[in-house]
Amino acid sequence: MADRITGHAFTTRSEIIAQHGMAATSQPLATQVALDILKQGGNAIDAAIAANALLGLVEPTGSGIGGDLFAIIWDAKSQQLLGLNGSGRSPKSLTLEYFKQQHLTAIPAFGPLSVSTPGTIDAWYEMHEKFGSLPMNLLLKPTIDYAIQGFPVTETISLEMAQSAKHLQGFANFSPTYMLNGNTPAKGDIFKNPHLAHTLTHIANNGRAGFYQGDIANTIATYMKKNGGFLSEEDLNQHRSEWVNPISTQYRGFDVWELPPNGQGIAVLQILNMLEQHDIASMGFGSERLIHTLIETIKLVYEDRAKFYCDPDFNHIPIKELLSKDYAKMRNKLIKHQANQQVASGLPISHHGDTVYLTTADKQGNMVSLIQSNYRGMGSGMTPTGLGFVLQNRGQLFSLNSQDYNVYQPNKRPFHTIIPAFVTKQGKPWLSFGVMGGLFQPQLQAQTLINLIDFKMNLQEAGDAPRFLHAGTSQPTGTQMTQGGSISLESGFSASVLQGLIERGHNIQDSNGKYGGYQAIAWDDKRQVYFGASESRKDGQAAGY
C-alpha cells in the first residue's frame, strides 16, 4: 500500500500552483510580503527586493544588508536572462603583507579582517532602477514595520541565532542588538530591531547614497577603524554592482544557467557535463552507483573550483575550456569503480556558511532567482553602532597563498559560494531555483536537477528527496583535499547502499542538519501556470495567487 495518495513517500506536501504570481522564500513572513507586493501591482523584481529586505530582519542568521547578493532575472519584455553580481570588494588599505606580518596562514572567520564591502543595498537599487515598478520606500515599509513592532522568532532561527552568538557576542554592539538579558530569542519570542528600522528608513528616504555615503558610511568606517578593521568610507563610496551575462550548458535538452565567477556556479555546469555521459535514470534514485558516480564527479570538478574560481578582474579564468564537453569526457575517464583518494585539476595554469535563497514570479512572466548571504551564520560579528545589522565575513574565503588565483588582494572580490540558478527549455523559462548550503551548493543543485530531469520528480519531490554530500574537497581558500574526503547521507538511504559505498572506498560520516534549503518556481508554458515548492528542512514557504 502506498504511503501517500500522490508522490514519493519522502515528499512533505504537494506543489503550489497559481496563475498570477508566485513567491518561494525561506521564511513564511517574507513569502507573504512578496505576495502582498505582487497584489499591489508590483512585479517580480519588486517582490524579490521586499522579501529579501524582510529576510534580513527575520532570518539574520543567513542574510542582511551587511552581506552580498547575486541574482538571475528573466525579463519577460526582452525574453532574455540577465545576471547581477552584487558582491563587494576587499578594503583598499588592507594588504597581503599585513596578514603575513600578523603570522596568519588563513583569514580569521570572525572579526574585522574578514569584512568586505557589503553589496546588497547597491544590488537592490540596480535591480530597482532597471526593472522596478513600485517606489522603494513601499518595498522597504513591511520590514520597517516588522522591525518596530516585532515578529515571533521561529524554531530554526532561534537555534541558529544561539549558535552564532557563541562566536559573536564578544564583538561590540552584537549583544545589545540581538540578545536580551544575555540570551538570543527563544522560539516564539517577539524580536524587535529598532536600529535596523531606522537604517532602512534612512535608506528609503535617501536612496543608495543613504547607505554608501554620509552618516551610515561614516558610522561603519568609524566602527571598523575603532575595532581593528580596514573597511573605509572610500571603499563604501566606490562600490558598484555589475551586470553580467549568465553562462550555461545544455543537459538533456535543458539549458542550465549560472553566473560566472567570482561565484562557484560554473561548478554545477561542469558536474552536469560529466553526468550527461552516464545513464543516470537507469542507475535508480538513491542507488550506490548513482551516489558513487556523483561523488567522484564532484571531487574532480571541485579541484578545478579550488584552482580557478576567483575574481575575473584579477585573473584569466578558462571558462570556455572548463565548460567544454570534450574536457568533461576527458575528466570522466578518471571515474573508476573504487573511490579516488586524491585528484587534481585537469587544466594547466598559464601563469559553513548560511544563506537565504528566494524566487519570485509575476503575471507578466518576469522571474527572479536571488540569493543573499552574510556567509558564516550572522557574519563577522562586526555590528556598526546603532545600525542594527552585522557586516559579512565573506573575506574569509580569500587564500593567503600568493600562488593561488584567489589570493587576497586589495579591492578584489572574494570567491563566493552563493549561486542562484535558472533553467530554460527551447528559449523559454522553465525553472528558477536555488539550494542554500555554502560550499555544498553545486552538489545540491546538481542533485536537484537530476531529480527533476532524470528521475522525473515534481518540483516538491525534487527538493524533499534525501540528499548526500561530499566534504573534504580542496577549496579556493588554499585548503587542500583530505585523503578521499568523506560522505554524509540523510536518512532515507538503505543500509545496503551505505555498505556498498564503504566497499568502494568511501568514508561515511554522520552529519545532522546541514543539507541545504531549497526554493523553486517552475513555469508551465502549456498550461500558463506557475508551480512553487519549498522544502521542509527549514522554515520556507511557497505561495501564489
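All of these numbers come straight from a predicted model, not from anything done at the bench.
For the pair His470 and Gln443, the minimum side-chain heavy-atom distance is below 4.5 Å. Taking 4.5 Å as the limit, some side-chain heavy atom of Ile319 sits within range of a side-chain heavy atom of Pro261. The closest side-chain heavy-atom distance from Leu200 to Leu57 is not below 4.5 Å. With contacts defined as side-chain heavy-atom distances shorter than 4.5 Å, the pair Leu139/Ile37 qualifies. Using a 4.5 Å cut-off on side-chain heavy atoms (C-beta onward), Phe415 and Asp311 make no contact. Val153 places none of its side-chain heavy atoms less than 4.5 Å from the side chain of Lys187. Residues Val58 and Thr154 have side chains not in contact (no heavy-atom distance under 4.5 Å, counting atoms from C-beta outward). With a 4.5 Å cut-off on side-chain heavy atoms, Pro112 and Met224 count as touching.
Salt bridge status for Lys141 with Asp36: absent, with no side-chain N to carboxylate O gap under 4.0 Å. Here Glu490 pairs with Arg537 in a salt bridge; the nearest charged N to carboxylate O distance falls below 4.0 Å.
Without hydrogens or angle criteria, Ser175 side chain to Gln169 main chain gives a donor-acceptor distance under 3.5 Å. The main-chain N or O of Val407 is never found under 3.5 Å from a side-chain atom of Asp404 such that the two would form a donor-acceptor pair. A donor-acceptor contact shorter than 3.5 Å links the side chain of Gln460 to the backbone of Ser534. Side chain of Asn262 to main chain of Pro414: a donor-acceptor pair is present (N/O by atom type, distance under 3.5 Å, no hydrogens or angles). Although no hydrogens or angles enter the test, the distance criterion places no donor-acceptor pair under 3.5 Å between the side chain of Gln372 and the main chain of Gly56. No donor-acceptor pair closer than 3.5 Å links the side chain of Ser63 to the backbone N or O of Pro60. Put simply, the side chain of Asp46 gets close to the backbone of Asn43: a donor and an acceptor are under 3.5 Å apart. Listed for the Ser232 side chain is no donor-acceptor partner under 3.5 Å among the backbone atoms of Ala221. With hydrogens and angles disregarded, no donor-acceptor distance shorter than 3.5 Å links the side chain of Asp68 to the backbone of Ser373. Between the side chain of Asp122 and the main chain of Ser241, a donor-acceptor pair closer than 3.5 Å is present.
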Assess whether side-chain contact (heavy atoms from CB on, under 4.5 Å) is satisfied between Ile148 and Asn193, documenting all intermediate values.
-> CA-CA 6 Å; Ile148 294 170; Asn193 191 337; over 6 Å; no

Passes side-chain contact (heavy atoms from CB on, under 4.5 Å), Val244 versus Leu84? Steps please.
-> CA-CA 6 Å; Val244 297; Leu84 181 63; over 6 Å; no

What's the verdict on side-chain contact (heavy atoms from CB on, under 4.5 Å) for Phe131 and Asn366, showing C-alpha distance, side-chain angles and the deciding distance?
-> CA-CA 10 Å; Phe131 296 109; Asn366 300 298; 5.7 Å; no

Decide yes or no on side-chain contact (heavy atoms from CB on, under 4.5 Å) for Thr359 and Phe433, but give the supporting numbers first.
-> CA-CA 7 Å; Thr359 176; Phe433 87 108; over 6 Å; no

Start with the C-alpha distance between Ser87 and Asn85, add both sets of side-chain angles, then the distance that settles side-chain hydrogen bond (donor to acceptor under 3.5 Å, both in side chains), and finish with yes or no.
-> CA-CA 6 Å; Ser87 62; Asn85 182 331; 2.6 Å; yes

Where do Thr61 and Glu160 land on the side-chain hydrogen bond (donor to acceptor under 3.5 Å, both in side chains) test, with the steps shown first?
-> CA-CA 6 Å; Thr61 53; Glu160 292 179 351; 3.1 Å; yes

Would Glu535 and Thr12 count as a side-chain hydrogen bond (donor to acceptor under 3.5 Å, both in side chains) if you check the C-alpha gap in whole Å, the side-chain angles of each, and the deciding distance to 0.1 Å?
-> CA-CA 8 Å; Glu535 63 167 271; Thr12 57; over 6 Å; no

Starting from the C-alpha separation in whole Å, work towards a yes-or-no answer on side-chain hydrogen bond (donor to acceptor under 3.5 Å, both in side chains) for Gln396 and Thr477.
-> CA-CA 8 Å; Gln396 192 212 353; Thr477 56; over 6 Å; no

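Within the structure, the salt bridge (Lys or Arg N to Asp or Glu O under 4.0 Å) test picks out the following pairs touching residues 232-247 (sequence neighbours left out): Lys92-Glu234, Glu242-Arg413. For residues 219-244, every residue pair satisfying the ring-ring contact (aromatic ring centres under 6.0 Å, His included) rule, not counting sequence neighbours, is listed here: Tyr98-Phe230, Tyr212-His239.
Enclosure of atom CG in Asn245 is not indicated, since only 12 or fewer non-hydrogen atoms of other residues, nucleotides or ligands lie within 6.0 angstrom. More than 12 non-hydrogen atoms from other residues, nucleotides or ligands lie less than 6.0 angstrom from CG of Asn205. Residue His167 places its NE2 atom among more than 12 non-hydrogen atoms of other residues, nucleotides or ligands, all under 6.0 Å distant. In the displayed structure, Glu155 atom CD is contacted under 6.0 Å by at most 12 heavy atoms of other residues, nucleotides or ligands.
The closest side-chain donor-acceptor pair between Thr25 and Thr31 falls under 3.5 angstrom. A side-chain N or O of Ser116 and one of Gln392 form a donor-acceptor pair less than 3.5 Å apart. Checked by atom type, the side-chain pair Gln409/Ser90 shows no donor-acceptor distance below 3.5 Å. Counting only N and O atoms by type, the side chains of Gln447 and Arg467 include no donor and acceptor under 3.5 Å apart. Between the side chains of Ser369 and Tyr357, a donor-acceptor pair is found at a separation under 3.5 Å.
Below 30°, between 30° and 60°, or above 60°: for Phe422 and Trp74 the angle between ring planes is below 30°, a parallel geometry. Aromatic ring orientation, Tyr125 versus His128: perpendicular (interplanar angle above 60°, classes split at 30° and 60°).
Aromatic rings of Tyr408 and Phe99 (six-membered ring for Trp) have centroids within the 6.0 Å cut-off, being under it.
Closest approach of Ser380 and Val115 over heavy atoms only: OG-CG2, 3.6 Å. Residues Gly265 and Glu258 come closest through the heavy atom pair O-CG, 3.3 Å. Nearest heavy-atom pair across Ala204 and Leu140 is CB-CD1, 4.0 Å.
Test Gln475, Arg394, Gln264 against Thr417 for side chain to side chain donor-acceptor pair (under 3.5 Å) and you get one pass: Arg394. A side-chain contact (heavy atoms from CB on, under 4.5 Å) with Pro118 holds for exactly one of Leu69, Leu236, Asn374; it is Leu236.
With rounding to the nearest 0.5 Å, the separation of CD in Gln32 from CD in Gln541 is 5.5 Å. Rounding to the nearest 0.5 Å places CZ of Arg305 at 14.0 Å from CZ of Phe308. Separation of atoms CE (Met382) and CG (Leu391) is listed at 8.5 Å; rounding is to 0.5 Å. Interatomic distance, CG of Leu370 versus CG of Leu358, reported as 4.5 Å (0.5 Å rounding). A distance of 11.5 Å separates OG1 of Thr360 from CE of Met22, quoted to the nearest 0.5 Å. The distance from the CZ atom of Arg376 to the CZ atom of Phe110 is 6.0 Å, given to the nearest 0.5 Å.
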